[in-house]
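See structure below.
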Amino acid sequence: MVAPLSAWPWEHLGIFKYILYGPLAAKAWYSWIYEDNILKDLWCIHILLICTLRGFIHQLWSSYNNMFFLTRNRWIKQQGVDFKQIDDEWDWDNFIILQAMLASMACLIFPSLNTLPLWNLKGFIASLLLHVTISEPLYYWAHRLFHKPYLFIHYHSLHHSSPVPHPFTAGHATPLEHLVLCTVIGIPITGSILMGYGSTAMIYGHVLVFDFFRCLGHSNAEVVPHEVFNKLPLLRYFIYTPTYHSLHHTEMETNFCLFMPLFDALGNTLNTKSFELHKRITSNSGKNGRVPDFVFLAHVVDIMSAMHTPFALRSFASTPFCMRMFLLPFWPLTFMIMLVMWGWSKTFLVSFYNLRGRLHQTWVVPRFGFQYFLPFATKGINKHIEEAILRADRLGVKVISLAALNKNEALNGGGTLFVNKHPELKVRVVHGNTLTAAVILNEFSKDVKEVFLTGATSKLGRATALYLCRKRVRVLMLTSSTERFQKILKEAPVDCQNYLVQVTKYQAAQNCKTWIVGKWITPWEQSWAPSGTHFHQFVVPPILPIRRDCTYGDLAAMRLPPDVEGLGSCEYTMERGVVHACHAGGVVHQLEGWSHHEVGAIDVDRIDLVWEAALKLGLKPVSSVNN
């Protein structure tokens, strides 16, 4: 049987739980429109505004916590927040709804709350004194009580189930715990009002500062410099730090306080490692960062997908990217950020995970997809990529894999430019296209005898054509360049050359049901495919799936092994745990310990070898058919 007040009554409503704010909004709207007196129910607007600001504070802390490029050297726990923790904390804001309901009840029972003055300094002083003398000790003893076996098992264990501290963890608790917190936060407010010192500003200030410090304590990045405590030693007993509270989550019989370690000192529960650990993390902040073993060097696709990052919206980034209406209001801001990034930003860390004891990171070149096709921008893009490779080399990174447009043949010859310019590189530069080709080629049915190939003379197109002709598969290569076709033809074994056929029009494939799309094709060009065609593709962005009588493959991808740790964000449109094949190619290169660069033309002889290595390491192909 479920313990009372251990589950939220609206936990099955999903996003519709926000309808519970509806009566407040409706009452305020009614007073304004029909009674022409918005001041009558101004308390409704105040409650809605406070709830919005509380959510905003948690979101700002979450964004900061996930700005790994700023916080990585001050992490308290080195592992990442995985999908399970994100899902568990998905409804972290339930407590805001609960407290909005309680506040509404208070305003209805005590109408005088609607007539509080805007400001009263004495109210701030009174609320602070009541917080220190009543709320802090009350929370301390209540918290200790929640660690007793029955209460911990049925209630408080939910809060402690999050392995990595995060600002949203502060709200991840049961209704009973949040009712206790309502009392803790409500005593100073109620007391100040009863003393006659209450004010609207005091309520806003107390609630928002309370949330601010709750988020601070659950941050995984230390933000309080130890120098402050060196100059004011007693201050360490009056304000806690993220390090201090994180110790409570690892050594649960210590550090029970709300915000003031003084009460742990008085209760003999202060962890003796608290202040030394805090000093070590903050004083060595430039040395704490672990060197990654592998780096995937990505780029931004477009303005909308730029918001698909953990530091923008953690929950959104934990699901495959797709266009959502709520993103539209943020488009102008994201566009301005894009312009700023174009002028001043450097390559930065956006996500990471651990695989078999090795740290894998994703760095992002601060350029958007359209910029790669601007002739005047190519030099600057190559400079960013080169600087990232040299930085990885200095750090001791073993493999750096280039994503999508970062290895564009016209841009840098698939990475050849950097390897030739810096022959002394210790980091292995990998385009990952060998595994991309392997994924595409292993999607084919064994009975396929003919394929139609666009982008036929590209790096991937060439490798695909040469591989298939060796398998005695007829390849219709769409290209207007006879010279480039002939060059590829000469690379094929003599007895296989007749399987490569140059075509210059889409009409040539009107009887071929296997299309490999390496160059973007329009809906009209798709119309030449016969009914039942399957479109394999390695083109970015993917083609539009307009033919209902055909099937469309996704971009080549592989699922990471199940022992991956700390992975909490999706790679663009990929499913959870799935990465683009070029990313997976770099992972294989690193785990196998190969010492060669993989740049320039694809070595067709290595396609099967890389495929077998990927499967051996536990990577799995992803079904790409999308009906």
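Values in this document were obtained by computation on a predicted structure and should not be read as measured data.
You'll find the ring centres of Phe275 and Tyr237 inside the 6.0 Å limit. Checked against the 6.0 Å centroid threshold, His160 and Phe152 count as a close aromatic pair.
Of the N and O atoms on the side chains of His299 and His384, not one donor lies less than 3.5 Å from an acceptor on the other residue. Donor-acceptor pairing under 3.5 Å is recorded for the side chains of Ser162 and Glu89. With no hydrogens or angles considered, no side-chain donor-acceptor pair links His360 and His583 at under 3.5 Å. For the residue pair Ser199/Asn120, the side-chain donor-acceptor check at 3.5 Å is not satisfied. Using a 3.5 Å distance cut-off with no hydrogens or angles, the side chains of His147 and His248 do pair a donor with an acceptor. Under the 3.5 Å distance criterion, with hydrogens and angles disregarded, no donor-acceptor pair is assigned to the side chains of His172 and His166. If you check the side chains of Glu136 and His131, you find a donor sitting under 3.5 Å from an acceptor. Donor-acceptor pairing under 3.5 Å is recorded for the side chains of Thr282 and His226. A donor-acceptor pair shorter than 3.5 Å cannot be found between the side chains of His178 and Gln99. In this structure, a donor-acceptor pair under 3.5 Å is absent between the side chains of Ser219 and Tyr64.
With a 4.5 Å cut-off on side-chain heavy atoms, Met195 and Leu130 count as touching. Considering only heavy atoms from C-beta on, Tyr155 comes within 4.5 Å of Tyr150 through its side chain.
Taking CG from Leu49 and NE2 from His46, the interatomic distance works out to 8.0 Å, rounded to the nearest 0.5 Å. Annotation: the span from Phe316 atom CZ to Ser569 atom OG amounts to 12.5 Å, rounded to 0.5 Å. Leu266 CG to Met260 CE: the interatomic distance, rounded to the nearest 0.5 Å, is 9.5 Å.
Relative to the ring axis of Trp363, Arg391 places its NZ or CZ within 45° and under 6.0 Å from the centre.
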Problem - Check against salt bridge (Lys or Arg N to Asp or Glu O under 4.0 Å), Lys17 and Glu11 - result: CA-CA 8 Å; Lys17 70 182 182 182; Glu11 65 180 15; over 6 Å; no

